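Within every chain, numbering begins at 1; the chains are lettered A, B, ... in the order of the sequence lines, protein sequences first and strands thereafter. Since we're looking at a predicted model, the values are computed, not measured.
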There are 4 protein chains.
Amino acid sequence: MARALSNEKRNTIVETAKRLFAEQGFAATSVADIARVAELPVGSIYTYFSSKEELIRSIVDEGWADFRGRLQESFATTRSPEEIFGLLLDTFLPELLADLDFITILLNEGIVYTHIEEKAQELSSLISSVFAPITRQAPSLKDFTGTDMEAALLVYFLGVLGAVRVAKAANLSVTSSDVLAFLRLSIRNGLGIAI
Amino acid sequence: MARALSNEKRNTIVETAKRLFAEQGFAATSVADIARVAELPVGSIYTYFSSKEELIRSIVDEGWADFRGRLQESFATTRSPEEIFGLLLDTFLPELLADLDFITILLNEGIVYTHIEEKAQELSSLISSVFAPITRQAPSLKDFTGTDMEAALLVYFLGVLGAVRVAKAANLSVTSSDVLAFLRLSIRNGLGIAI
Amino acid sequence: MARALSNEKRNTIVETAKRLFAEQGFAATSVADIARVAELPVGSIYTYFSSKEELIRSIVDEGWADFRGRLQESFATTRSPEEIFGLLLDTFLPELLADLDFITILLNEGIVYTHIEEKAQELSSLISSVFAPITRQAPSLKDFTGTDMEAALLVYFLGVLGAVRVAKAANLSVTSSDVLAFLRLSIRNGLGIAI
Amino acid sequence: MARALSNEKRNTIVETAKRLFAEQGFAATSVADIARVAELPVGSIYTYFSSKEELIRSIVDEGWADFRGRLQESFATTRSPEEIFGLLLDTFLPELLADLDFITILLNEGIVYTHIEEKAQELSSLISSVFAPITRQAPSLKDFTGTDMEAALLVYFLGVLGAVRVAKAANLSVTSSDVLAFLRLSIRNGLGIAI
DNA sequence: TATGAATGAGACTTCATTCAT
DNA sequence: TATGAATGAAGTCTCATTCAT
């Protein structure tokens, strides 16, 4: 009978908080900041989230669920290395890079406020399971051990995200297209996969 | 003598603050925290630094100066690609990775509290000037444009730092040796440089 | 029919609020607390009471009216000292002590939120008028002045209530039966009334 | 070298808080209230007490230590029933009643914020040990069991405190002298002790 | 009428910085 | 110079009450 919780309001809060947390950091962003930018009264934030910490946790958890969902979807419906890398480069990474604020928060604040180690493990095993067959086919990777592969994935994944993030934050001339182009070249040359 | 004591105290403050800023973030670390952990009175902090912000700026600036100094030194006294990469892999990066707290602060807080864009530009041009001759010699890099190279450097540099950082924070099995080993392999295979 | 339902709800609110106010205090109990425990929506509370303060005032006033009603009833229909004290000890006090929450609220919050001084005056004159004839008959009370009597009534009345309350709150071995037994003895020995 | 903690300031805080907690209740008294009345900045309260709760606990614990100290002192240096009751009536109770705020807080808030049950047990055994020999001597008490005695002590103790408290709060004509006078009479008549 | 989301004043507490000692 | 108590602005969160639904 009373007003229903507004999904629109909740979204506004999440989006505003995500932006401010990414720009200024979690601790440096006050709930009042979020309320002011979102043009909502402070109390409303607490109608939708029981605490500032629950807010960041929701942002990270929901972003992560979305991220993992896309990844699993990609891997579930495709087969050949060409297709997998094509999806990664043309769909998955562009979408991920479009939500750079989520990445920034995950990397900067995730360690303290969320279980980033679980997420890293999860990601690692998910990717490994997909890449294992590929790496066995690529003759250029014969020298790489399993640990090398893990390290490689981490370096490329975090490198790409970090590069785009810093380029944007520091206003460098490098764009996310450039980074993806480099990645494409690396895969083509390093793994001999035609994409 | 009084001077020597002062330097020791200043060092204690810097090291303590660096650790705490890296672990908890700048905003979440209070000056009282630093004083308590450093076993110094709060007032002493203000004898050496005029504000909390000056403290983080000093940490970042001094760390950066040290970092750039090592880099320039490496490049000034060496010539061949093999030597350059050898130095990078055997001396420079291990030393840098040993001071992970500095990196963490630079990447997490640098954007807000220091001029990270200047540093990125500086690093970019410095590295480019060194790598330009190398890339011209490497036949495998003939497809790479200048922008690709910039992107590549960013990806590898931030990828290596990020990988080591996340591996440590998330308690992954990957170590910084693994990451450097992967990097060695990449350089060997990708650039055809024997190291 | 709607009326019956209303009374039931109103009762639930009053009983729940009385318990919580007694346990936690008025200021420490939120309207939302009451609603949650009573399993009613917050809005319902305001259908029956215009404010939180009106709620406590209603509790105290209605409890007091009930209390005074029982007292007057006892005194109106009985005569001899034996009968009066019998009623007090066997009916009135046991009933009063069964509603300890009311007493707790009256003593703890009554001073601020209700006119406890009026109630005290009222009680004092009511009791005095009943006890006056008795004390004139008891030879052992010949040394007691009117003021002594007032003090005596206060001490015994508040002493009994306080003892039962503290015994319960502090989980002492003394029970309300013990307290009443002591009171019976005191009256028997002190006033020479056979009960 | 820096300013020393001021006992005077701490006292002001304690006395102010004690008064306000007694008058309005703990929950209804804000730290800002205390600061305003004490004419101190809010922050200063937290220089001396780590929280509002620690403040009330300090008040209760220190008041209780003082109270118990006086009681033990009285009992340690005296012997005869006459002396004991004399001390109680002429020194101990008047001093206790002079600090009515402490009593009010102990009874109203002690249950939630301090371990009142421990204090009650402590008091009970302390008093019992003193009164045991007395009651054995008083022929008028031959009908009283140990439990009756415990109940009696509670009733008289809480009755006296409650009477004085309500009399003051409700502005009754009964004074604390009257209450003590009644108590003197009761002891004289009931126990046959000449005081 | 019944509901519970909405609101913003005000609660407790922290903290960077100052300055008396 | 060295110290840490002093300060009050600002932070997070609660809550009585209202009112759209």
Side-chain angles (χ1 to χ4, degrees), chain A residues 1-7 9-10 13 26-36 40-55, chain B residues 2-3 5-6 9 26-36 40-56, chain C residues 2-3 5-6 9 26-36 40-56, chain D residues 1-7 9-10 13 26-36 40-55:
Chain A
M1 294 263 190
R3 253 162 296 190
L5 282 172
S6 152
N7 264 322
K9 244 182 231 182
R10 190 185 189 280
I13 295 169
F26 174 75
T29 303
S30 75
V31 175
D33 284 344
I34 300 169
R36 191 175 349 91
L40 285 172
V42 195
S44 285
I45 310 272
Y46 288 89
T47 300
Y48 290 86
F49 300 92
S50 67
S51 70
K52 193 185 166 191
E53 202 164 323
E54 209 222 63
L55 178 50
Chain B
R3 201 86 200 115
L5 184 72
S6 290
K9 267 191 206 172
F26 174 75
T29 302
S30 73
V31 175
D33 281 344
I34 300 168
R36 190 176 353 90
L40 284 173
V42 209
S44 283
I45 310 251
Y46 287 87
T47 303
Y48 295 92
F49 302 91
S50 69
S51 72
K52 192 185 166 191
E53 204 164 320
E54 207 220 66
L55 177 51
I56 194 176
Chain C
R3 202 83 199 119
L5 184 72
S6 291
K9 267 192 206 170
F26 174 75
T29 302
S30 72
V31 175
D33 281 344
I34 300 168
R36 190 175 355 89
L40 285 173
V42 209
S44 284
I45 311 252
Y46 286 87
T47 304
Y48 296 91
F49 301 92
S50 69
S51 70
K52 193 186 166 192
E53 204 164 321
E54 207 222 67
L55 177 51
I56 194 175
Chain D
M1 296 261 189
R3 253 162 295 189
L5 283 171
S6 152
N7 263 323
K9 242 180 232 181
R10 190 184 189 282
I13 295 169
F26 173 75
T29 303
S30 75
V31 175
D33 284 343
I34 300 168
R36 190 174 350 91
L40 284 172
V42 196
S44 286
I45 310 271
Y46 288 88
T47 300
Y48 291 86
F49 300 91
S50 67
S51 69
K52 191 185 168 192
E53 202 164 323
E54 208 223 63
L55 177 51

Quick one: [X] [atom1] to [N] [atom2], roughly how many Å, whole number?
X	N	atom1	atom2	result
D:R36	E:dA11	CZ	C1'	13 Å
D:K52	F:dT12	NZ	P	21 Å
A:F49	E:dA5	CZ	C1'	15 Å
D:Y46	F:dA10	OH	P	18 Å
D:F26	E:dA11	CZ	P	13 Å
C:I34	F:dC15	CD1	P	11 Å
D:R3	E:dA20	CZ	P	6 Å
A:I45	F:dT14	CD1	P	14 Å

Symbol by symbol from the 5' end, with Watson-Crick or G-U pairs under 3.5 Å, [ ] crossing and | another strand, DNA chain E is .||||||||||||||||||||
Establish, with yes or no, whether the OP1 or OP2 oxygen of [N] is under 4.0 angstrom from a side-chain nitrogen or oxygen of [X].
X	N	answer
A:K9	E:dA5	no
D:Y48	F:dA6	yes
D:S44	F:dA6	no

Check every strand shown and say whether C:S50 touches a base, only sugar-phosphate, or nothing at a heavy-atom separation below 4.0 Å. nothing
Would you indicate what A:V31 reaches in the nucleic acid, counting non-hydrogen atoms under 4.0 angstrom: base, sugar-phosphate, or nothing?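 Result for A:V31 = sugar-phosphate.
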Rounded to the nearest 0.5 Å, what's the gap from [atom1] on [X] to [atom2] on [Y]? Could you check?
X	Y	atom1	atom2	result
A:T47	A:R3	OG1	CZ	10.0 Å
D:Y46	D:L55	OH	CG	9.0 Å
D:I13	D:I34	CD1	CD1	8.5 Å

Please find the pair of heavy atoms, one from C:A27 and one from D:A28, that lie closest to each other, and give the distance.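 Closest approach of C:A27 to D:A28: CB-N, 4.0 Å.
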List the residues meeting salt bridge (Lys or Arg N to Asp or Glu O under 4.0 Å) with D:E53, not counting sequence neighbours, and say none if there are none.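 So D:E53 forms a salt bridge (Lys or Arg N to Asp or Glu O under 4.0 Å) with D:R57.
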Would you call C:L40 and C:I45 a side-chain contact if the rule is heavy atoms closer than 4.5 Å?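 The answer is no; the side chains never approach within 4.5 Å.
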Residue met sooner reading DNA chain F from 5', once D:L5 and A:D33 are mapped to nucleotides: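 In this pair, the answer is D:L5.
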Between B:V42 and C:P41, just flag the one whose closest nucleotide in DNA chain E comes earlier from the 5' side. C:P41
Please figure out whether D:S30 or C:G43 has its closest DNA chain E nucleotide nearer the 5' end.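 Going by which nucleotide is closer to the 5' end, it is C:G43.
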Does B:K9 make a cation-pi contact with B:Y48 (under 6.0 Å, within 45 degrees of the axis)?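 No - B:K9 does not lie over the ring of B:Y48 by the 6.0 Å and 45° rule.
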